[in-house]
Structures are given as C-alpha cells and as structure tokens.
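The shown structure was predicted, so the numbers you read here are calculated from the model rather than taken from an experiment.
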Amino acid sequence: MENEKEIYLYEDDVLPNFLKFSTIPIKEQIKSEYEQKILKVKKDFYISGNKKKELAEWYLELIENQTDKFLIEEDSFNFSVIPVMYLDTPPSSMSEIDRDLIIVRKHMDNLSFTKKENNQQSQQQQEQQQQQPKQHNTLIYNKLVSQLIIQVHRLIDIFIKESLCILYNELSDLSDQYSIDIYLNNPLVPLNSIEQQEQQEQQQQQQQQQYQQQQQQQQPQPQPPSSGQIKIYNTMALNKEFNFNEFQNNCRQIIERIQRKPQNKMEEINFSPLIELLKDTNHLNKMQQYDKDFFLMDHSILSADDPVVGVTGFVLNRLHRLENELKTIQQHWNSTSINSFNQNYQTSSHRR
C-alpha cells in the first residue's frame, strides 16, 4: 500500500470536469466578435505558420528599405558606387566608398552599446541612464529606429493577441476533452468603449506623426489615416495580469499530459503546429522586450545561439553588413588592384 502511495501521481489522475475553474466547456462559452473572427477565419493561417512567415518577411524588408532610405536622405549615402559583384568589378569611385564607410560608422557609433561595467557611478546616475539611454537622443534613433519600432510592434501586438487566443481555445478544449486539471486563464479581456477609443486615438496619433514626417521628406505617401470606426482588434486587449511564462508553461504541461494518455483512449493528435505557434509567440514577445531594454541589457550574457533579434538589432545588422561590404571593397580594390584590373581590361579590349 505504501508503494502504491509513492508511485501515485496526482497530476495523472483523471479529474471530472466539475473541478475545473469554469464549469462551462470552452466550446460553449460566449465569445466576442473578435474572438469568433480569429477562430473561424484566421486560425488556419496562424496554425500553418504562414502568418508568422508573412509578418517576418514584411518587417525584415521594411527595416532594410527604411534604413537604406534614411542613409540616402540624411547623408546622401551613395549606393550606386557599390558594384553588385564587388569582388569582380571595382567601384566607380573609391573616394565615395570611403565616404560611405564614414557615414555607416557614424551611425553605428550612435547606436553602439557597451557591456555593463562595475564602475563607481552613483545610483542616481545609473537611474537616469535607465530612464533615457543616450542612444535615444541620436538622429538615427529618433528618425529611424523609434519609428520602425512603432510600426513593427503594432503588428506584433496583434499577432500575439490572436495567437494567444487560438492557443487558449485549442488547448482549453483539449483539456476539457481529456479532463486535464491544468487551467488556462483567457489572456484577452474586452475593452470598454472609452478604452477602445483611447487606444484607437493613440494609434491614429502615431500614424499621423509618421505621415507628417513623410510629408516633410516630400515623398509620395498614402493619405493620412482618418478617424473611422473602431477597429475590431481594438475591442480586446491582453489582460494586465496576464503572465506569459505561466501561460506558456501551462500550455506545455497540457500537451505533455495528453501525450502521456494511453494510446487507445485518444485519437492521434499532431501537436507540432500548436507547439510552433507557441514558439513563434514567445519569439515575438522577446523581440519587443529586447527593443525596450536593448541599450540597458547586458549583451555579454546572451547566448550566441539566441535567435531573437529586435528591430534595433536588425537596423544595426544592416549597418554592419554595409560596413563589411565597404571594408571588403576597400581592402580588395586598393590602387594597385584597380590599376591591374584596368590594364587587363584594356589588353582584352585591344585583342578583340
């Protein structure tokens, strides 16, 4: 009897549904219009991984294009002197290559971060730095990075809300079916009309600021957003008490518990899409956190295998790639190499 008590695992016991926090199965609970749209229209796009792929492709292209545009508009960066096959074709102007390299390094310095040091700064000085990193006062941060963060994070917010809604409903339903005594709290809460309006106005204000900046740059841009009806994704928000790590752990436990069920009592369930969606959501959540803490965090403790890069990191990555290309051109096409290339080209032309 004692041995039976030792091997008995409460978590593996099949509990009746009345022990659930909610006595109403998830499928029978009343859902908002937004939740219904997510589950009926958008779910398959998320589950397949296509939504994350589409989002990632969009923000990677946006960040690279906007970074290049910033360099051209602010410093007349000359992309035309960088050959596509720069190891085979010399640049049209080495002096322009030198100037481009100076421009890139200037902005890299403005966004540079250092390892945290155990220096003798006062606590007050450290608190001031945490409130406003010096990099936030630079031109590239204010005109490029901060604007990109607003654009990208807005769509990441929507992705996180909708993916959490799918995970909550799918895994709660399975938890009901297999009487798993792990409870998921709904991560989304409805906003009242005042909160919805405030959120809508805040987004419109951000969009208006972007539009005004674009107008000042005299670039053809779409018309400024008008104050229409409240968007459906503004009718719900993440619960302020929502704990992502706790939710993530509970989701994994539900999956593990169902997988441990005897094979003859369950249908073959492919959990891979839900596990991948959970990973995607965690990845984007970390992206937002990294952008918030980028200039304050200790980068030396981050794993080299960490795949998460925020918007700020992607801008720096683009600058680093340009720097490496320009340095390679400088080193490869010194004056001797260019003279040799020109002589060979002239000789081959005469032979023709």
Side-chain angles (χ1 to χ4, degrees), residues 53 56-115 134-135 138-149 151-152 217 219 287 290-291 294-295 297-352:
K53 182 174 180 287
E57 288 175 350
W58 169 78
Y59 67 65
L60 288 174
E61 183 179 4
L62 174 74
I63 292 169
E64 180 165 325
N65 290 343
Q66 290 301 309
T67 302
D68 292 354
K69 181 182 174 188
F70 170 85
L71 293 173
I72 293 169
E73 292 176 349
E74 294 300 325
D75 295 288
S76 300
F77 188 94
N78 192 347
F79 279 96
S80 66
V81 297
I82 304 175
V84 176
M85 306 294 290
Y86 53 79
L87 292 178
D88 299 322
T89 307
S92 57
S93 171
M94 188 59 78
S95 61
E96 283 293 284
I97 293 293
D98 296 339
R99 193 181 73 86
D100 281 353
L101 188 55
I102 291 171
I103 292 168
V104 168
R105 285 175 169 166
K106 174 186 71 173
H107 292 300
M108 286 172 61
D109 288 343
N110 287 336
L111 293 178
S112 66
F113 56 87
T114 55
K115 295 180 181 179
K134 64 180 182 180
Q135 293 89 345
T138 61
L139 178 69
I140 188 170
Y141 187 86
N142 285 313
K143 292 199 73 173
L144 175 66
V145 178
S146 64
Q147 299 306 310
L148 283 171
I149 287 175
Q151 285 181 269
V152 175
Q217 296 167 1
Q219 296 290 329
M287 267 187 70
Y290 279 14
D291 280 326
F294 187 83
F295 299 110
M297 63 198 296
D298 186 354
H299 291 261
S300 65
I301 65 174
L302 295 177
S303 168
D305 299 324
D306 187 355
V308 181
V309 179
V311 173
T312 314
F314 280 122
V315 172
L316 270 170
N317 177 270
R318 176 57 177 162
L319 295 175
H320 276 295
R321 283 189 288 128
L322 285 172
E323 182 196 31
N324 288 334
E325 286 182 9
L326 294 165
K327 281 167 56 180
T328 301
I329 292 170
Q330 270 189 338
Q331 294 165 3
H332 185 69
W333 295 106
N334 53 44
S335 57
T336 305
S337 298
I338 291 179
N339 290 334
S340 175
F341 176 87
N342 289 336
Q343 288 175 1
N344 292 334
Y345 179 78
Q346 290 172 359
T347 302
S348 63
S349 297
H350 286 313
R351 286 175 181 172
R352 293 174 191 170

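Rounding to the nearest 0.5 Å places CD of E64 at 11.0 Å from CZ of F314. Going from atom CG of L101 over to atom CD of E96 covers 12.5 Å, rounded to the nearest 0.5 Å. Distance check: N110 CG to L319 CG gives 10.0 Å after rounding to the nearest 0.5 Å. Note that OG of S76 and CG of L71 are 10.5 Å apart. Values are rounded to the nearest 0.5 Å. How far CD1 of I63 is from CG of L316: 11.0 Å, rounded to the nearest 0.5 Å. Here CD of E61 is found 10.5 Å from CH2 of W58. Values are rounded to the nearest 0.5 Å.
Using a 4.5 Å heavy-atom threshold, the side chains of D68 and L322 count as touching.
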message: Using side-chain contact (heavy atoms from CB on, under 4.5 Å), reason through K327 and E323 one step at a time and then give a plain yes or no.
response: CA-CA 6 Å; K327 281 167 56 180; E323 182 196 31; 3.8 Å; yes
field: Stepwise side-chain contact (heavy atoms from CB on, under 4.5 Å) check, Y290 with T312
entry: CA-CA 8 Å; Y290 279 14; T312 314; over 6 Å; no
field: Worked check of side-chain contact (heavy atoms from CB on, under 4.5 Å) between D100 and F79
entry: CA-CA 8 Å; D100 281 353; F79 279 96; over 6 Å; no
- prompt: How far apart are the C-alpha atoms of V145 and L111, what are their side-chain angles, what is the distance that settles it, and do they pass the side-chain contact (heavy atoms from CB on, under 4.5 Å) test?
  reply: CA-CA 10 Å; V145 178; L111 293 178; 4.1 Å; yes
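Residues S112 and D109 approach most closely at OG-O, 2.9 Å, considering heavy atoms. When all heavy atoms of I329 and P91 are compared, the closest pair comes out as CG2-CG, 3.7 Å. In this structure, P83 and T89 approach most closely via the heavy-atom pair CG-O, 3.3 Å. Of all non-hydrogen atoms in R318 and T67, the two that sit nearest each other are CG-CG2, 3.8 Å.
Looking at Q330 and D98, their side chains do bring a donor and an acceptor atom within 3.5 Å of each other.
Ion pair K106/D75 flagged as a salt bridge, since at least one NZ, NE, NH1 or NH2 atom sits closer than 4.0 Å to an Asp/Glu carboxylate oxygen. Salt-bridge formation is not detected for the pair E325/R321: no Lys NZ or Arg NE/NH1/NH2 atom is positioned less than 4.0 Å from an Asp or Glu carboxylate oxygen.
Checking side-chain atoms of N142 against main-chain N and O of T138 turns up a donor-acceptor pair under 3.5 Å. Checking side-chain atoms of W333 against main-chain N and O of Y86 turns up a donor-acceptor pair under 3.5 Å.
Each of F70, F77, Y141 was scored for a side chain to side chain contact (heavy atoms under 4.5 Å, CB included) with H107, with one residue passing: F70.
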